[in-house]
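A short write-up of the structure that comes next.
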Amino acid sequence: MSTTMKIASWNVNSLRVRLPQVLDWLQRQQPDILALQETKLPDDQFPLEPLQEAGYTALFAGQKSYNGVALLSRSAASGATITDLPGMDDPQRRVLGAAFGELYVLNLYVPNGQAPDSDKFDYKLAWLNRLNSFLVEQLQHYPRLIVLGDFNIAPEERDVHDPKAWENSVLFSPPERAAFRALLDLGLTDTFRLFPQPQASYSWWDYRMNAFRRNIGLRIDHILASSALAPLCRNATIDKAPRALERPSDHAPVAAEFTL
DNA sequence: ATGGCGGCTGAGAGCCGA
């Protein structure tokens with residue numbers, strides 16, 4: 001007997017501001033798991049009750065003002081929760097992993113990197129290197145692994161509205177793209193590219209310059225599946241609708257369905 | 001496209017994101 005699991009990711013850019021949109025999206029889309037990034041809330045302010053009333057439980061690793069990740073799920077995680085990359089003593093809350101039965105879900109808010117000549121860029125690459133080492137181990141323990149979230153990397157030219165203009169910019173620079181490819185080389189698959197997709201599909205649009213209306217965007221939010229899971233993926237989508245709402249996040253939710 | 005938006009804090013204007 002097989003079951004379908006719908007797994008989604010959304011950088012909400014403040015869960016305090018976006019909670020009504022998240023509740024509405026959960027009701028409409030009925031994901032089994034929704035990974036959130038940039039909740040920007042300390043844990044004692046996490047809105048657990050309204051999410052529970054909507055039929056979801058939650059794990060969360062937050063901090064004041066910046067970063068913060070959460071995993072909303074219909075069924076509670078079965079354990080093995082982590083909130084840091086091993087060996088990384090980092091106060092920034094960017095990682096939340098948990099097992100859901102045979103499935104392991106790792107929710108990431110990868111550092112932005114600011115600019116290729118900045119210290120933050122070095123931190124981003126070091127972070128991705130740590131992540132890579134961790135995933136080598138994690139794939140051995142959990143063959144059914146999902147790695148999803150805001151990667152802050154557009155992997156390919158077709159993921160960027162104007163690749164020439166962006167070629168050496170943060171989010172699309174060669175070292176970042178190489179770090180992303182190195183994750184795929186571990187045996188992970190970008191589920192979005194398993195299926196035919198509309199031209200110029202993006203998951204983020206700048207708030208400025210009417211970027212969304214003009215579809216000036218980047219695809220930087222991803223759902224990666226291990227080699228055991230990728231063949232079970234049935235579809236992968238970006239839902240642009242919430243980006244068109246009043247007071248939107250600058251990111252759209254992304255989702256993938258698996259038949260397990 | 002990069003000043004141009006929108007979140008945060010703390011009560012101003014500045015930092016940060018992507």
Side-chain angles (χ1 to χ4, degrees), chain A residues 9-22 25 35-47 60-70 90-95 107-125 127-128 131 148-180 192 200-223 238 240 242-254:
Chain A
S9 174
W10 193 4
N11 179 325
V12 290
N13 185 20
S14 170
L15 184 54
R16 210 190 315 269
V17 173
R18 233 65 69 192
L19 181 62
Q21 293 183 19
V22 170
W25 198 81
L36 301 177
Q37 303 88 36
E38 287 208 84
T39 56
K40 298 187 172 180
L41 288 164
D43 288 347
D44 62 5
Q45 292 176 29
F46 191 86
F60 39 93
Q63 66 182 89
K64 191 177 173 176
S65 309
Y66 300 113
N67 309 310
V69 283
D90 189 345
Q92 299 184 37
R93 302 294 78 202
R94 297 180 175 278
V95 175
N107 176 18
L108 303 176
Y109 176 44
V110 176
N112 170 281
Q114 197 165 60
D117 59 355
S118 68
D119 290 346
K120 288 178 179 173
F121 192 83
D122 298 337
Y123 166 73
K124 180 178 192 174
L125 293 183
W127 197 98
L128 288 163
L131 171 66
L148 81 173
D150 178 0
F151 285 73
N152 270 319
I153 301 172
E156 300 178 40
E157 294 199 351
R158 58 182 166 166
D159 300 313
V160 178
H161 70 96
D162 184 349
K164 264 280 176 271
W166 280 82
E167 72 186 337
N168 290 309
S169 301
V170 71
L171 312 182
F172 189 56
S173 72
E176 291 165 272
R177 294 168 65 193
F180 188 87
F192 190 72
S201 287
Y202 308 125
S203 68
W204 172 84
W205 301 261
D206 199 300
Y207 283 121
R208 294 168 288 188
M209 309 291 288
N210 280 315
F212 180 66
R213 187 181 55 73
R214 299 157 64 198
N215 199 28
I216 294 173
L218 306 176
R219 192 177 69 94
I220 57 177
D221 300 88
H222 308 298
I223 301 177
I238 299 172
K240 291 173 71 168
R243 185 64 179 79
L245 297 171
E246 292 291 317
R247 252 192 133 178
S249 168
D250 43 357
H251 294 253
V254 299

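Keep in mind that what you see is a predicted model, and the values were worked out from it rather than measured. In what follows, every chain begins at residue 1, and chains take the letters A, B, ... in the order their sequences are listed.
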| field | For A/Arg208, salt bridge (charged side-chain N to carboxylate O under 4.0 Å, His left out) partners two or more places apart | value | A/Asp206

| said: In this structure, how many angstroms lie between the P atom of B/dG4 and the CZ atom of A/Arg214, rounded? | reply: 15 Å

| For A/Asp44, side-chain contact (heavy atoms from CB on, under 4.5 Å) partners two or more places apart | A/Pro42

| field | Pair A/Gln92-A/Tyr66, side-chain hydrogen bond (donor to acceptor under 3.5 Å, both in side chains): steps then yes or no | value | CA-CA 8 Å; A/Gln92 299 184 37; A/Tyr66 300 113; over 6 Å; no

Atom pairs and distances, donor-acceptor, side-chain atoms in residues 148-158 of chain A, under 3.5 Å, two or more places apart:
| unit_1 | atom_1 | unit_2 | atom_2 | d |
| --- | --- | --- | --- | --- |
| A/Asp150 | OD1 | A/Asn152 | N | 3.0 |
| A/Asp150 | OD2 | A/Asn11 | ND2 | 2.9 |
| A/Asn152 | ND2 | A/Val110 | O | 2.8 |
| A/Glu156 | OE1 | A/Arg158 | NE | 2.9 |
| A/Glu156 | OE1 | A/Arg158 | NH2 | 3.3 |
| A/Glu156 | OE2 | A/Arg158 | NH2 | 3.4 |

| request: Would you mind reading off the distance between A/Asn210 atom CG and B/dG6 atom P, rounded to a whole angstrom? | output: 10 Å

| note | Quick tally for nucleotides 8-18 of chain B: nucleotides whose base has a protein heavy atom under 4.0 Å get B, sugar-phosphate-only ones S, the rest -, giving SSS-----SBB

| said: My understanding is that only residues two or more places apart in sequence, or in another chain, count here; which of them pass salt bridge (charged side-chain N to carboxylate O under 4.0 Å, His left out) with A/Asp43? | reply: none

| Whole-angstrom distance between B/dG4 and B/dC15, as gauged at atom P | 13 Å

| B/dG10 and B/dC16, which share atom name P, separated by this distance in whole Å | 15 Å

| How long is the line joining CH2 of A/Trp10 and P of B/dG7, in whole Å? | 13 Å

| note | Across all chains, not counting sequence neighbours, the salt bridge (charged side-chain N to carboxylate O under 4.0 Å, His left out) partners of A/Asp159 are A/Arg193, A/Arg219

| task | Rounded to whole angstrom, note down the C1' distance from B/dA13 over to B/dA1. | result | 25 Å

| message | In whole Å, measure the gap between the P atoms of B/dT2 and B/dG14 for me. | response | 23 Å

| said: What's the gap between B/dA18 and B/dC8 when it is taken at their C1' atoms, as a whole Å value? | reply: 16 Å

| Whole-Å distance separating the CG atom of A/Asp162 from the C1' atom of B/dT2 | 13 Å

